[in-house]
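Counting from 1, the numbers follow the sequence of the chain as shown. Just so it is clear, the structure is predicted and the values come from calculations on it, not from any experiment.
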Amino acid sequence: MAANLLSILLLLLLLHCTSTLSQTPAAAPAPPGPTNVTKILENSGQFTVFIRLMKATQEDLTLNGQLNNSNNGITMFAPSDSAFQNLQSGTLNSINDQQKAELVQFHIIPTYLATSQFQTVSNPVNTQAGSGDRLQLNVTTTGNAVNITTGLTNTSVSGTVYTDGQLAIYQVDKVLLPLDIFTPKPPAPAPAPEIAKKKKSKAAESPVATKDISGGDGSFIASNNVVFFGVGIVTAILSL
């Protein structure tokens, strides 16, 4: 009898402990830290060249500042390492630091775009690099495919790396090459020779003009180089 009573008491104690534990609230998830674009790309493991380019131009600091200090969204087309390997040898070494920064900026749209929003986007799409004929980025859709053209590059989005409603990162398998960097700019018109300018200016300041030297009775017009025939007449009279 005592053994049965002891068993009942132990069972009641076990049930009480189980009930108490089940009512304990679950631990809250750790608050997310500041958004770090390069960390997100590093976790994917296939964007090492693009990460290195972002850090070298300090565009990573600019992006992280925009994401953590404003409500502006960002969409990034991140070229994979294989995309950079498919470039001609020495392509990145042939451009200066300012152009490298512009190249990174050309892969970033200063607004958040979900995949469904690409169907209604207005072309050309403005990027962080700016706008204009030589910085055109056009995005179109064919079914579920998102196609990108720059005038030099034609490619498609091959996957979604990250999206949180403010930042969207999409993988592309080709580097987006803007015309502004990778095609020659038209030469500026050559300035007029300095000597020709001076001659033209001097001619405008000192025009050759005729003078009216009439005395009122017998009038005639002579230029600065005309010899007055009246002098000869006077000389002839005096010699008589």
Side-chain angles (χ1 to χ4, degrees), residues 27-87 91-118 120-132 134-139 146 148 150 153 155-182:
T35 303
N36 190 311
V37 176
T38 53
K39 290 290 184 182
I40 295 171
L41 292 173
E42 285 171 357
N43 290 338
S44 179
Q46 54 184 332
F47 301 101
T48 55
V49 179
F50 193 53
I51 292 170
R52 188 162 62 244
L53 191 59
M54 291 176 63
K55 289 183 176 180
T57 57
Q58 297 188 339
E59 288 299 318
D60 60 327
L61 301 179
T62 301
L63 283 177
N64 292 333
Q66 290 175 337
L67 289 168
N68 295 305
N69 299 314
S70 71
N71 294 322
N72 297 331
I74 285 175
T75 300
M76 172 185 287
F77 297 115
S80 61
D81 289 338
S82 61
F84 283 97
Q85 291 172 0
N86 290 331
L87 292 175
T91 296
L92 291 182
N93 292 332
S94 68
I95 59 178
N96 58 39
D97 291 343
Q98 182 179 346
Q99 291 171 326
K100 288 175 182 176
E102 184 179 298
L103 179 61
V104 174
Q105 294 164 359
F106 191 64
H107 288 75
I108 301 165
I109 299 172
T111 186
Y112 174 82
L113 292 174
T115 52
S116 60
Q117 292 177 287
F118 286 124
T120 57
V121 74
S122 297
N123 287 309
V125 180
N126 288 343
T127 69
Q128 294 274 64
S131 59
R134 297 182 61 83
L135 289 169
Q136 285 199 25
L137 183 72
N138 293 288
V139 180
V146 179
I148 307 169
T150 72
T153 304
T155 189
S156 299
V157 170
S158 57
T160 301
V161 179
Y162 179 85
T163 180
D164 63 3
Q166 185 188 19
L167 169 65
I169 302 177
Y170 301 105
Q171 178 177 335
V172 290
D173 294 328
K174 288 185 179 180
V175 180
L176 306 180
L177 303 178
L179 292 169
D180 194 56
I181 297 176
F182 295 99

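In this structure, K55 pairs ionically with E42, as a charged nitrogen and a carboxylate oxygen lie closer than 4.0 Å.
A donor-acceptor pair under 3.5 Å is formed between the side chain of N123 and the backbone N or O of V139. When atom types are taken as modelled, the side chain of S94 and the backbone of T91 share a donor-acceptor pair closer than 3.5 angstrom. For the pair N68 (side chain) and P34 (backbone), a donor-acceptor distance under 3.5 Å is absent. A donor-acceptor pair under 3.5 Å is absent between the side-chain atoms of D180 and the main chain of L135, judged by distance alone.
Within the 4.5 Å cutoff, the side chain of F77 has no heavy atoms near those of the Q171 side chain. Annotation: side chain of H107 is in contact with side chain of V175 (closest heavy-atom distance under 4.5 Å). By the 4.5 Å heavy-atom criterion applied to side chains, P178 and T150 are not counted as neighbours. You'll find the side chain of L137 reaches within 4.5 Å of the side chain of T127, heavy atoms only. Looking only at side-chain heavy atoms (C-beta outward), T57 and Q98 stay at 4.5 Å or farther from each other. Side-chain atoms of I148 and V172, non-hydrogen and from C-beta on, do get closer than 4.5 Å to each other. Two residues are said to be in side-chain contact when any heavy atoms from C-beta on lie closer than 4.5 Å; T75 and Q117 fail this criterion.
Between the CG atom of N126 and the CD1 atom of I108 there is a distance of 14.0 Å, given to the nearest 0.5 Å. Annotation: the span from D81 atom CG to S44 atom OG amounts to 9.5 Å, rounded to 0.5 Å. In this structure, CD on Q105 lies 7.5 Å from OG1 on T62, to the nearest 0.5 angstrom.
Each of S80, S156, P79 was evaluated against D173; a single residue qualifies, S80, per the side-chain contact (heavy atoms from CB on, under 4.5 Å) test.
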Just do the side-chain contact (heavy atoms from CB on, under 4.5 Å) check on F50 and M76 with the steps written out, would you? CA-CA 11 Å; F50 193 53; M76 172 185 287; 3.7 Å; yes

side-chain contact (heavy atoms from CB on, under 4.5 Å) for F106 and I181? Distances and angles first, verdict last. CA-CA 11 Å; F106 191 64; I181 297 176; over 6 Å; no

Go through T111 and I74 one step at a time and tell me if the side-chain contact (heavy atoms from CB on, under 4.5 Å) criterion holds. CA-CA 4 Å; T111 186; I74 285 175; over 6 Å; no

Stepwise side-chain contact (heavy atoms from CB on, under 4.5 Å) test for L53 and L103: CA-CA 9 Å; L53 191 59; L103 179 61; 4.1 Å; yes

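Nearest approach of L113 to I109, heavy atoms of both residues: CD1-CD1, 4.0 Å. Closest heavy-atom contact between Y162 and D164: OH-OD2, 3.0 Å.
In summary, the side chains of N64 and Q66 do not present any donor paired with an acceptor at a separation below 3.5 Å, with no hydrogens or angles considered. In this structure, a donor-acceptor pair under 3.5 Å is absent between the side chains of Y170 and T163. A side-chain donor-acceptor contact under 3.5 Å links N36 and T38. Between the side chains of T155 and T153, no donor-acceptor pair is found at a separation under 3.5 Å.
More than 12 heavy-atom neighbours from other residues, nucleotides or ligands sit within 6.0 angstrom of CG on N96. Heavy-atom neighbours of Q58 CD from other residues, nucleotides or ligands within 6.0 Å: at or below the threshold of 12.
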